[in-house]
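Read through the structure below, which is laid out as structure tokens, and then see the notes.
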Amino acid sequence: MEEVVTKSEPEKGDWKFTDSGGVKKAVKPKNLNEITTHERYRIVTDDNELNRVLGGGIVPGSLVLIGGEPGIGKSTLMLQIALSLKEYTVLYVSGEESEQQIKMRAERIEYNNDRCYILTETATNNIFRQIELTEPDVVIIDSIQTLISPLIESGAGSVSQVKECAAELMKFAKESDVPVIMIGHITKDGSIAGPKILEHMVDTVLQFEGDRQMTYRILRTTKNRFGSTSELGIYEMLGSGLRQVTNPSEILISQREDQLSGISIASMMEGNRPLLIETQSLVSTANYGTPQRSSNGFDLRRLQMLLAVLEKRGGFRLGTQDVFLNIAGGLKVEDPAIDLAICASIASSYEDLPILPSVAFAAEVGLGGEVRAVSRIEQRISEAEKLGFKKIYVSKFNLKGLDPSLFNIEIIPNGKLEDVFQNLFN
Ligand code: TYD
Ligand code: MG
């Protein structure tokens, strides 16, 4: 356990003691009818991906945490946002980098905003003093782990420091109506003090993820008091900063010349957005002992269940095979509509027979090998059609109320897994 040492007297300059001339105003209860909301007003940024994950823009007075592994591009994203908010005064507080480093990054990004101020400071009382002087419309903190509150004696990044600094920022945001966006580092196992303990304190938690080796980055909402949590933003990291990817399907399907076995395309929903995504499987004879099962971007236990279904209902002898599954683009998929595509890619690799690249899938697979209906089938089919797919395999239970003649893509209804495999490879 960490010992929390509180200093006797908070110093002047702390947010807590600066409002209304040094005297803390007492908060009185209000009738619900007297309380006005900012529901209609949001700071809409130039970045549509960010607007979407926030539920339509930055909410005044909100405290947003953006977490991610070091080097993923959090500072780049936030500086880009700061520089694109041209009509607003933005204070970018960095405890990580020097002014010169930030300037160099800004030059790479090639954005400019003459109302964006950079402050390299870590003590919260000094930060609040500068906030009073600059009167920003938006405050960005890079990162919460570098801040220190003079009220707490333990070092920067410790649980008590991180909590106290976040609490001060929260109080500031709520009382001033200025939104605060905090960057927080997490390691691969998510263990380090910081974002995890902050999640319940903040209004919105965004997760910036992706493979550092790959260029695509995904911004995901994991908590949002002002919008849906199923939204997703996609970026590409270029030499000149992060580019918004407006048509994600194009990047999530690899361009391939010849047909390979083990590849299939699923028509998915990420939030309100349809997305076509490639699943890749490799099935090969296991040489030693227990066969390996490995999954990237898809729940391993669900993969094991699908393998058991394929074995029992599809007649595939997978018990002696290693199975590797990969979802393209570093995406993590939870939409069950990907099940059928995964089964198809495994079958394709097992048989070593490719699936035509013009074929897509959108259905859940049940324990009995039944092909189950999924939500928003029209949107999934339309997206596949829009991207030039010729056939889509769906559940026959999804056909109710659906008029196939409205689509310029062949819709193939299936009741069981066996039906799918009967005419897939030929
Ligand atoms: P950074 O934003 O510093 O990551 P974080 O704040 O999450 O630790 O950037 C991470 C990487 O991105 C860094 O290795 C350099 C690279 N990068 C680009 O590829 N293009 C760019 O325009 C910028 C600014 C950075
Ligand atoms: Mg950084």
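One-based numbering, in listed order, for ligands and for the atoms of each. Predicted model, so just to flag it, every value in this text is computed and none were measured.
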Using distance alone, decide if ligand 1 has a nitrogen or oxygen within less than 3.5 Å of any nitrogen or oxygen in [X].
| X | answer |
| --- | --- |
| S75 | yes |
| G239 | yes |
| R108 | yes |
| G73 | yes |

Can [X] and [Y] be counted as having a side-chain donor-acceptor contact under 3.5 angstrom?
| X | Y | value |
| --- | --- | --- |
| T89 | R115 | yes |
| Q280 | N326 | yes |
| E168 | T124 | yes |
| T146 | T122 | no |

E175 with K171: basic N within carboxylate O range, under 4.0 Å: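 So E175 pairs with K171 through a salt bridge.
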Ligand 1 contact by I183, heavy-atom criterion under 4.0 angstrom: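 I183 does not count as a contact of ligand 1 under the 4.0 Å cut-off.
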Atoms in ligand 1 with a heavy atom of S240 nearer than 4.0 Å: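 Going through ligand 1 atom by atom, the ones under 4.0 Å from S240 are 22 (O).
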Proximal ligand 1 atoms for G71, defined as those under 4.0 Å from one of its heavy atoms: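 Going through ligand 1 atom by atom, the ones under 4.0 Å from G71 are 4 (O), 5 (P), 7 (O), 8 (O), 10 (C), 11 (C).
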May I have the list of side-chain donor-acceptor pairs in residues 349-362 shorter than 3.5 Å, sequence neighbours left out?
{"from": "S349", "atom 1": "OG", "to": "V283", "atom 2": "N", "distance (Å)": "2.9"}
{"from": "Y350", "atom 1": "OH", "to": "R317", "atom 2": "N", "distance (Å)": "3.2"}
{"from": "D352", "atom 1": "OD1", "to": "S261", "atom 2": "OG", "distance (Å)": "2.8"}

Note, L206 side chain near K74 side chain (heavy atom, < 4.5 Å):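 L206 does not reach K74 side chain to side chain.
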Winner among R105, M237, E236 once heavy atoms are compared against atom 3 (O) of ligand 1: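 The nearest heavy atom belongs to R105.
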From L242, L238, T76 - option closest to atom 2 (O) of ligand 1 by heavy atom: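 It is T76 that holds the nearest heavy atom.
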Ring centres under 6.0 angstrom apart (Y92, Y117):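 No; Y117 has its ring centre 6.0 Å or more from that of Y92.
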Ligand 1 versus P70: contacting region, heavy-atom distance under 4.0 Å: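 Backbone only.
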Test salt bridge (Lys or Arg N to Asp or Glu O under 4.0 Å) applied to D203 - qualifying residues, sequence neighbours left out: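 Per chain and number, D203 pairs via salt bridge (Lys or Arg N to Asp or Glu O under 4.0 Å) with K174, R225.
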Candidate pair N113 and Y88, rule side-chain hydrogen bond (donor to acceptor under 3.5 Å, both in side chains), full reasoning: CA-CA 9 Å; N113 175 6; Y88 299 91; over 6 Å; no
Cut-off under 2.8 Å, centre the Mg ion (ligand 2), protein N/O/S atoms: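 Near the Mg ion (ligand 2), below 2.8 Å, one finds S75 OG.
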Residues forming a ring-ring contact (aromatic ring centres under 6.0 Å, His included) with F421, sequence neighbours excluded: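 Here the qualifying residues are F316.
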